[in-house]
J.: 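Here you go, one structure.
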Amino acid sequence: MPSLRHSCTAAALAAGISLFSFQAFAEPAGVLRVAVGADPATFDPAFNDLPVGNAVDLAVLEGLFRLDPQNNVQKTLATDSSFSPDGKIFTVKIKTGKTFSNGDPLNAEAVAASFNRMLDEKTGSIYRGLYASLGTVKAVGEDTVEFHMAEPNGHVLMLLASTAASIVDVKAVQRMGAEYGRKPVGSGPYMVERFVGGEGFRLVPNPRYAGDYPATLKAIEFSVVPEDGSRMALMETGAADIVERVPPESIDAINALQDAKVVTPPSMFSINMEMVLRGPLADPRVRKALNMAVDRDGITKGVLGGLGTPSVGMVGPGTQDELRKTFPPIAFDPEGAKKLLAEAGYKPGQLSLSFTCPTGRYIKDVQVCQALAGSFENIGIKATPLVVDRGTWSNVIGMEPDQRKDNMGMVGRATAGMDYTLYRLFYTGVGANRTGYSNPRVDALLKEGRATTDPAKQKQIYGEVQEIIWKDQPFLFLWYQTQAIGVSNRVQGFAVQPNETLVFDKVTVK
Amino acid sequence: MFVLRRLGGALPTLFAVSLLVFLFVDLIPGDPAQILAGPSASNEEVASIRKFLGLDEPLPTRYGHFIRGIWDPSAATSFRTHRPVVVELAERLPNTLIVSIGGLLIGVALGTLAGIVSAMRPGGLADAAITVLTLAGISMPIYWLGLLCIWLFAVNLGWLPAAGASTPAHFVLPILVIATRPAAMFSRLVAASLTETMGKDYLDTARAKGLSETRVVLAHALRNSLVAAVSVAGVQFGGMLGGSVVTETVFGIPGVGRLLVDAVSRADYPIIQYTILMFAVFFVVINLVTDLLTQWLDPRTREQERPA
């Protein structure tokens, strides 16, 4: 501790007598202990699919761009970017003189290699399809990267700001093989010092880092504790400073602790019952009736313990808020719903619907399913909730609409932006459109929105798409999940992105 | 010779296990490619990942690949981490073995002691107390007992860490909790079989030789009682490997059990297949060791003394 106190005093002195800010002199100090629920299999951004992996990638790697805690795009390695007049070439200028944590140069060639690795079919990246529109990536000189786009994409910044597009040291990947996934080499403020599978991992400052977010902590220690009760015990015993995923029933217990509290930032996770649009659900009146039958306020309070906000639009908060449009919440009106059903020709008890829900995928998913069945019974529908394991669930919701035997499936969507979410879910015949939704106007708008690079035009186009979707109701819109994270009072400057990524940029511990 | 013959005899069993595990894993709901790709992936993306994982190959080719992976680590890599399965297992196995073997040894020691005490004074206060504890030990689910112990020793008393595996102190609670089951089983078993043996004539002979009662019990009665106990210990150990799934989840220990559960929920086929195959090999070895121990304890079971 003396050295820590010494360095703090020195830093404070320096700040006092100089014109420079305190930050510029602050040495990394203190160890932050984080308990997470999910076991990251890999930090390799080409394969990582967990928020905890995003958090590590954000700290260890850098992208051309990044998202701030409000999901706004910021420049990281990039200094400037522009489209060619025909929209086919996207050019990014990058900072020069950067290196990876192992000393390898981070120049335009390294950036191009990182993207081309992800886009190579032989790599098997789970994000290849999402980034396919980037086409081929070429280095021009030391500081310029050109994306020769496979198709015009006005949302390229959103793609490049995701941690999946972080720049990896391809030479290190070739040397290390799969071990790269455990100790990724990047140019971020931290690096992975230790990784013990299933147990935890430790980040320490990267001495070669040069950028806007220098390491503030001597170390960040993560432990992986999947069992909710055991993870909460770490917070209660003071063995963790931050615990991820506080279950609703533990919120009061954590808040009752003297030196910790639960923060509940919004999540972009939009939970819906996605309908298979055929049979009774092809009738908009039935879809409307279902949407009116659900008491969203009651369920988010009673079942989710407050960890949900009733939906006011298909996409959740933080999904490109500048393009997002919200609407008045759908009123809970079982009487009106019954009337609509009668209009559609269904007497009470005549309509039966089944719906598929996963187990342990979303907050209280099984209980929610039971509550929804009750809501449907309440308006005279015979409801059959099919609660299945996650494997079966992923199979069912991944089926083509004409193969589905059920009528709806519970799915949460939290994705890399407006174009990605809406195009994949609602463009006619796209391989990820699982409802069978088809609307020529929406198709035209989505195509136009993808090609345009003008933000004002995008706002207008996506506003209209969101309005049509909200009116057409191909989903039973439910709520946006709320995150619940236990944070000790000794932690300061901690932030969370709406996609559940923990941000350690400015965290200090007392 | 006996050992070699027994191991040879296990080969068909292991072959059958490999075939079953390979085929059953295919029946697990969920397509690995679909799960990796996520709910928003298009059909084409899922198909591309399926091809990358080699899941579009015909069944016999995939089985051949699976068998090759037994000696060629580069042919057996996890779908999620891309590291060889043997590396993943080697990292996790020590934790599982420490907890299982530690739990078994402590459980057996405590159980035997309790059994002897019960048998020496049947119906006494100690016997009654041990019987109650034993019943509790047998009927209490490990999961619940584990959480109770965390609550008491970690949260309230603060003596031991709640979860993790980074220091030796982290292993104390899980080993003690997992020891309850063998302790309970053994105390019942040893007590019952000692009580039965105590009335045998050869013990009277031993007493008549002037041996102390303790010596009679430990050297003569106990050895005979242990024959049955050893086979139970073998079964218990096997059960513990299976039960490691629960213990490791509750105490946050990165062992093979949790690796397996995670692999099942993520449809990481190679991890599931090789882990189960490894457990099958363990069972074969445990059975062999149990038989050898039984033979050492009870000469009647040795085969050279059997009439041909």
Side-chain angles (χ1 to χ4, degrees), chain A residues 35 39 41-42 44 47 49 121-130 132 177-182 196-200 223-227 229-234 236-239 360 388-398 400 411-413 415 420-421 424-425 430-434, chain B residues 28-49 51-53 77-84 87-88 91-92 95 143 146-147 150-151 154-156 158 161-166 248-255 258-259 261-262 264-268:
Chain A
D39 195 355
T42 174
D44 187 335
F47 300 103
D49 58 353
E121 193 167 6
K122 288 194 201 83
T123 306
S125 167
I126 58 174
Y127 296 110
R128 195 174 67 90
L130 172 55
E179 289 301 316
Y180 186 89
R182 299 205 140 184
V196 183
E199 180 182 321
S223 43
V224 177
V225 186
E227 222 296 307
S230 314
R231 197 167 61 253
M232 295 310 120
L234 287 182
E236 290 171 48
T237 56
V388 296
D389 65 282
R390 286 170 65 168
T392 309
W393 167 80
S394 75
N395 258 11
V396 171
I397 61 155
E400 290 293 314
V411 187
R413 304 278 178 186
T415 48
Y420 178 83
T421 310
R424 289 198 164 219
L425 294 179
V430 155
N433 176 347
R434 309 294 182 195
Chain B
I28 294 179
D31 169 5
Q34 182 101 50
I35 290 176
L36 280 172
S40 299
S42 68
N43 300 340
E44 304 77 47
E45 286 160 28
V46 174
S48 148
I49 292 176
K51 181 162 174 262
F52 174 75
L53 296 176
T77 54
S78 156
F79 284 172
R80 291 189 68 212
T81 66
H82 305 274
R83 304 196 323 153
V87 177
E88 296 286 349
E91 182 178 63
R92 308 287 188 114
N95 290 325
Y143 181 80
L147 286 177
I150 290 178
W151 175 79
V155 177
N156 274 9
S166 42
E248 287 168 6
T249 306
V250 172
F251 290 101
I253 298 170
R258 244 181 65 200
L259 185 70
V261 175
D262 288 349
V264 171
S265 70
R266 293 301 204 108
D268 193 342

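Protein chains get the first letters and strands the later ones, always in sequence-line order, with residue 1 at the start of each. Computed from a prediction, not measured in an experiment: that's the story for all the values here. As a basis for the values below, the full set of heavy atoms in this structure was taken, side chains included, without hydrogen atoms, waters or symmetry mates.
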J.: So which part of B:R80 gets closer than 4.5 Å to some heavy atom of chain A, the side chain, the backbone, both or neither?
T.: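 B:R80 touches chain A through backbone and side-chain heavy atoms alike.
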J.: Heavy atoms only, distances under 4.5 angstrom: which of A:S394, A:G197, A:A239, A:G412 has the most pairs with chain B? Name it, please.
T.: A:G197
J.: Heavy-atom pairs under 4.5 Å with chain B - which of A:T42, A:I126, A:I397 has more of them than the others?
T.: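 Answer, by heavy-atom pair count under 4.5 Å with chain B: A:I126.
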J.: So which part of A:V224 gets closer than 4.5 Å to some heavy atom of chain B, the side chain, the backbone, both or neither?
T.: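 A:V224 touches chain B through backbone and side-chain heavy atoms alike.
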J.: At a 4.5 Å cut-off on heavy atoms, which part of B:D262 comes close to chain A: side chain, backbone, both, or neither?
T.: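 The side chain, not the backbone.
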J.: Run the side chain to side chain contact (heavy atoms under 4.5 Å, CB included) test on B:S40 and A:L130 for me, step by step, so that the C-alpha distance in whole Å, both residues' side-chain angles and the decisive distance to 0.1 Å come before the verdict.
T.: CA-CA 10 Å; B:S40 299; A:L130 172 55; over 6 Å; no
J.: Report which part of A:T237 has an atom under 4.5 Å of a heavy atom belonging to chain B: side chain, backbone, both, or neither.
T.: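 Interface part for A:T237: side chain.
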J.: I'd like to verify something: which residue of A:V225, A:T392, A:V388 has the highest number of heavy-atom pairs under 4.5 Å with chain B?
T.: A:T392
J.: Check whether B:E248 gets within reach of chain A through its side chain, its backbone, both or neither, counting any heavy atom under 4.5 Å.
T.: neither
J.: Is it true that A:R128 and B:E45 make a salt bridge, defined as a side-chain N closer than 4.0 Å to a carboxylate O?
T.: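 Here A:R128 does not pair with B:E45 in a salt bridge, since their nearest N and O are not under 4.0 Å apart.
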J.: Tell me which of these, A:E236, A:R424, A:E121, has more heavy-atom pairs under 4.5 Å with chain B than the rest.
T.: A:R424
J.: Check each atom of A:A233 against the heavy atoms of chain B and say whether the ones under 4.5 Å are side chain, backbone, both or neither.
T.: both
J.: Could you work out, with side-chain contact (heavy atoms from CB on, under 4.5 Å) as the rule, every residue matching A:A35, not counting sequence neighbours?
T.: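 A:A35: side-chain contact (heavy atoms from CB on, under 4.5 Å) contacts with A:S223, A:R231, A:L234, A:A240, A:V243.
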J.: Please classify the contact of B:R258 with chain A as side chain, backbone, both or neither, using a heavy-atom distance under 4.5 Å.
T.: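 Side chain only.
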J.: For the candidates A:D44, A:D39, A:N433, A:V396, which exhibits the highest count of non-hydrogen atom pairs separated by less than 4.5 Å from chain B?
T.: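 The option with the most such pairs is A:D39.
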J.: Chain A: which of B:P39, B:A37, B:G252 shares the most heavy-atom pairs with it under 4.5 Å?
T.: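 So the answer, after comparing B:P39, B:A37, B:G252, is B:P39.
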J.: How about B:I253 and A:E199: do any of their side-chain heavy atoms sit closer than 4.5 Å?
T.: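 SC-SC contact between B:I253 and A:E199 ruled out.
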J.: With only heavy atoms counted, which part of B:I150 is less than 4.5 Å from chain A, the side chain, the backbone, both or neither?
T.: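 When you check distances to chain A, only side chain atoms of B:I150 fall under 4.5 Å.
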J.: One thing to verify: whether A:D49 and B:R266 come together as a salt bridge, which I'm taking to mean a side-chain N less than 4.0 angstrom from a carboxylate O.
T.: yes
J.: Mind checking the CZ-CD1 spacing from A:R390 to B:I35? Nearest 0.5 Å is all I need.
T.: 8.0 Å
J.: So how far is it from B:F79 CZ to B:L53 CG, rounded to the nearest 0.5 Å?
T.: 5.0 Å
J.: Nearest 0.5 Å, please: how far is OG in B:S78 from CD in B:E88?
T.: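 Between atom CD of B:E88 and atom OG of B:S78 there are 5.5 Å.
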J.: Atom CZ in B:F52, atom NZ in A:K122: separation rounded to 0.5 Å?
T.: 11.0 Å
J.: Looking at A:G229, A:A132, A:G177, A:P226, which makes the most heavy-atom pairs under 4.5 Å with chain B?
T.: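 The answer is A:P226.
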J.: May I ask you to decide if the ring planes of A:F47 and B:H82 are parallel, tilted or perpendicular, using 30° and 60° as cut-offs?
T.: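 Because their plane-to-plane angle lies in the 30° to 60° range, the rings of A:F47 and B:H82 count as tilted.
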